[in-house]
Amino acid sequence: MGGGNLTMDRLNPNLWHPYARYGVAVAVVEQSAFNDDLSDLSILEKLAKYAIRAGLDGYLLQTFDNLIPQSEIKYSYVSQEDVPEAFKKDGVMLSPHVLTSSDKYGGGWKGCFNKVQKDLIKSLEKSPEKEKPQELFQSFAPLVTKINKEGNEGSSNPKVTYLEAVFTAITTLTKLKPCLNARIPSKSTDQKQVWANHGIIPDLPLWEELNTSSTPLIDFVLVFKNISETYQGDILKAKVKAPKKYPQPLIFRGNFPNANRLSNGSLGVVSLVAAIGRWAREIQYFRGISSVNWADRVLHFIQKNPLYIVSNEGSFQESFNHHLIDLTLKEDLTVIGLSFYRVRLLFGNDDEKKKQAFLMMAERFLRLYTPESFKMFLSFRAEYPAELSKLLNHYFMTTKQNRIDLEIVKSARAYGEALNLAAYIAANEDFKTKLKDASSEIKTLPEDELRKYKSKSISESKDRVLTQLESTIGSSKSSTALFYQLGSITGRLVKKDIPSISGRFMEAVLTGEIDVEDAKNMIMAFMRLSTYTEQLTDNN
């Protein structure tokens with residue numbers, strides 16, 4: 001990490017590393033210093049002194065409640081004055097927004113706190129030599145590599161200006177960044193996965209050089225501050241499961257609504273975009289301007305630049321395509337994201353490993369919206385909740401490869417739903433036959449158990465039909481063969497014709513208006529939509 005050099009009492013923090021730059025934006029927002037000259041050294045020192053202390057006030061979480069199984073306990077933040085004593089107590093844990101090691105001592109919790117208190121804050125108070133470089137340590141600068149932390153011979157920690165070091169620590173400590181505690185692949189040979197605090201840091205300028213009134217990074221922090229302040233409720237509460245183990249409060253799942261923490265997958269980027277979109281629709285106006293306009297501007301800023309996913313265990317970059325902005329501002333992207341968790345993989349393949357693989361591929365498709373990512377999404381045989389219809393409609397109507405007319409999309413959906421319904425009707429009839437021939441032991445099951453038996457039996461039969469239909473779709477050599485074969489199967493199953501509303505779609509495929517491969521994807525996707533609709537709520 002390198003950055004802008006000090007020149008007398010003037011500098012340009014816009015040239016700093018994005019991680020240190022984020023700390024400046026946090027300090028500006030916390031102190032409403034929107035009109036201050038950020039190239040003035042004395043102003044930056046003043047901002048830093050407040051922000052670094054404010055960061056320490058949320059450093060730890062503590063509960064004083066008793067660990068009674070099945071009871072609810074509540075946590076509160078430990079003030080910086082009480083942190084040294086809190087290290088020695090039970091019921092204390094590192095706050096999920098602090099990006100340092102999960103190790104309580106050494107280079108972890110205590111090491112980070114002591115480094116900030118003894119070195120950085122004292123440096124600010126003593127008006128240090130302006131040109132003297134400050135060494136970065138991984139305890140407060142997670143982007144510093146592990147090799148430096150281990151102190152191998154010949155290695156050395158990077159050095160930056162002392163203010164860059166201070167603002168780096170501010171980013172590590174602040175609550176004003178999207179964050180969550182998530183499980184990721186471990187670099188250690190004796191562990192497959194490890195839990196770590198993660199932050200999402202956009203690579204944005206504090207101000208645009210050609211338009212200094214435009215402040216992308218400060219705008220992002222402003223919007224996130226508003227989102228996090230409205231995300232209250234019971235996020236500092238937790239339910240006790242084991243008598244001697246302190247559970248993590250809900251905020252560990254993320255400090256913004258419905259934060260996504262997929263194992264081996266993207267950590268929160270799509271859910272962050274969704275949270276910004278929902279915030280924009282719900283509050284209507286922000287700082288005297290339409291909140292949708294605010295959100296649109298901020299989302300365009302972060303869409304054009306990398307997003308750093310940062311933790312003490314490793315960091316990487318992510319990005320998303322423009323369609324996600326359109327989707328979150330026009331539809332409820334939060335509901336779409338939650339719906340992925342309710343997808344039913346066929347034949348009971350819902351074990352954790354396979355589910356996580358599907359969720360990772362679904363999130364990738366949602367971020368990229370490319371034919372390749374959609375094909376991988378479809379490679380998981382599944383049945384989708386009805387709420388995903390809006391996503392499929394949007395994809396087929398807006399991607400450059402398709403841009404299919406709304407009338408045709410609606411017609412294709414009706415065709416797919418007819419196939420799904422036929423599969424259910426056939427499965428239900430199969431169950432009735434099976435029940436007739438079942439033993440008396442099955443027929444006399446209690447109502448709840450019989451309902452479970454019926455649900456499982458119908459699901460298995462329906463999965464077989466859907467698999468047969470998907471195989472037929474994949475093997476069809478022409479549009480004529482595609483519709484003839486599917487029509488024959490459904491006619492045999494339910495003795496009904498495909499509904500007339502599907503005619504427009506069939507016509508478009510048969511005349512070549514829509515490529516047969518695109519038609520196959522549309523049929524397969526819409527055929528997987530369940531006709532059952534369920535209401536979703538936050539954190540459902």
Legend entry - Worked verdict on Thr161 versus Glu164 for side chain to side chain donor-acceptor pair (under 3.5 Å): CA-CA 5 Å; Thr161 62; Glu164 279 182 270; 3.0 Å; yes
Inset, instruction - Step by step, work out the side-chain contact (heavy atoms from CB on, under 4.5 Å) result for Leu60 and Met93. - result: CA-CA 6 Å; Leu60 297 178; Met93 58 184 66; over 6 Å; no
Inset, instruction - Given ring pair (Phe, Tyr, Trp, His ring centres under 6.0 Å), test His300 with His322 step by step and report yes or no. - result: CA-CA 8 Å; His300 274 89; His322 180 271; 4.9 Å; yes
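Residues Asp332 and Lys390 are not paired through a salt bridge, judged by the lack of any N-O separation under 4.0 Å between the basic side chain and the carboxylate. Between Arg342 and Glu387, at least one side-chain nitrogen of the basic residue sits less than 4.0 Å from a carboxylate oxygen of the acidic one, meeting the salt-bridge criterion. Classification of Lys225 and Glu229 as a salt-bridged pair holds, one side-chain N sitting under 4.0 Å from a carboxylate O. By the 4.0 Å N-to-carboxylate-O rule, Lys88 lies close enough to Glu85 to be salt-bridged with it. The pair Arg367-Glu363 meets the salt-bridge criterion, since a charged nitrogen lies less than 4.0 angstrom from a carboxylate oxygen.
Among all heavy-atom pairs drawn from Thr328 and Ala274, the shortest one is OG1-CA, 3.4 Å. Gln31 and Ala51 get closest at one heavy-atom pair: NE2-N, 4.1 Å. Phe301 and Ser214 make their closest contact through CZ-OG, 3.7 Å (heavy atoms, listed as atom of the first residue, atom of the second, distance). The minimum heavy-atom distance between Phe252 and Leu61, with the atom names listed, is CE1-CD1, 4.0 Å.
For the pair Asn181 and Arg253, the minimum side-chain heavy-atom distance is 4.5 Å or more. Residues Val116 and Leu56 form a side-chain contact, since some pair of their non-hydrogen atoms from C-beta on lies under 4.5 Å apart. Residues Tyr59 and Gln80 fail the side-chain proximity criterion, which asks for heavy atoms closer than 4.5 Å. Here the side chains of Gln70 and Val240 are not in contact, with every heavy-atom distance at 4.5 Å or above. No side-chain heavy atom of Ser339 sits under 4.5 Å from any side-chain heavy atom of Ile336. Taking 4.5 Å as the limit, every side-chain heavy atom of Leu333 sits out of range of all side-chain heavy atoms of Leu391. Side-chain atoms of Phe256 and Pro178, non-hydrogen and from C-beta on, do get closer than 4.5 Å to each other. Side-chain contact between Ile283 and Arg278 is absent, with no heavy atoms from C-beta onward closer than 4.5 Å.
Side chain of Lys177 to backbone of Thr174: a donor-acceptor contact under 3.5 angstrom is found. Listed for the Asn321 side chain is a donor-acceptor partner under 3.5 Å among the backbone atoms of Leu368.
In this structure, Phe286 and Trp279 have perpendicular ring planes: the angle between them is above 60°, well past the 30° mark. In this structure, Tyr395 and Phe365 have perpendicular ring planes: the angle between them is above 60°, well past the 30° mark.
Thr172 and Tyr19 share a side-chain donor-acceptor pair at under 3.5 Å.
In this structure, Leu143 CG and Thr168 OG1 are separated by 8.5 Å, a value rounded to the nearest 0.5 Å. Once rounded to the nearest 0.5 Å, the distance linking CG of Asp57 with CD of Glu81 reads 6.5 Å.
In this structure, Lys115 forms a cation-pi arrangement with Phe137, its terminal cationic atom sitting closer than 6.0 Å to the ring centre and no more than 45° off the ring axis. Annotation: cation-pi pair Lys175/Tyr77 present, NZ/CZ under 6.0 Å from the ring centroid and within 45° of its normal.
Counting non-hydrogen atoms of other residues, nucleotides and ligands closer than 6.0 Å to NZ of Lys46 gives a total of 12 or fewer.
No option in Tyr341, Phe340, Phe377 other than Phe377 meets the ring-ring contact (aromatic ring centres under 6.0 Å, His included) test with Tyr384.
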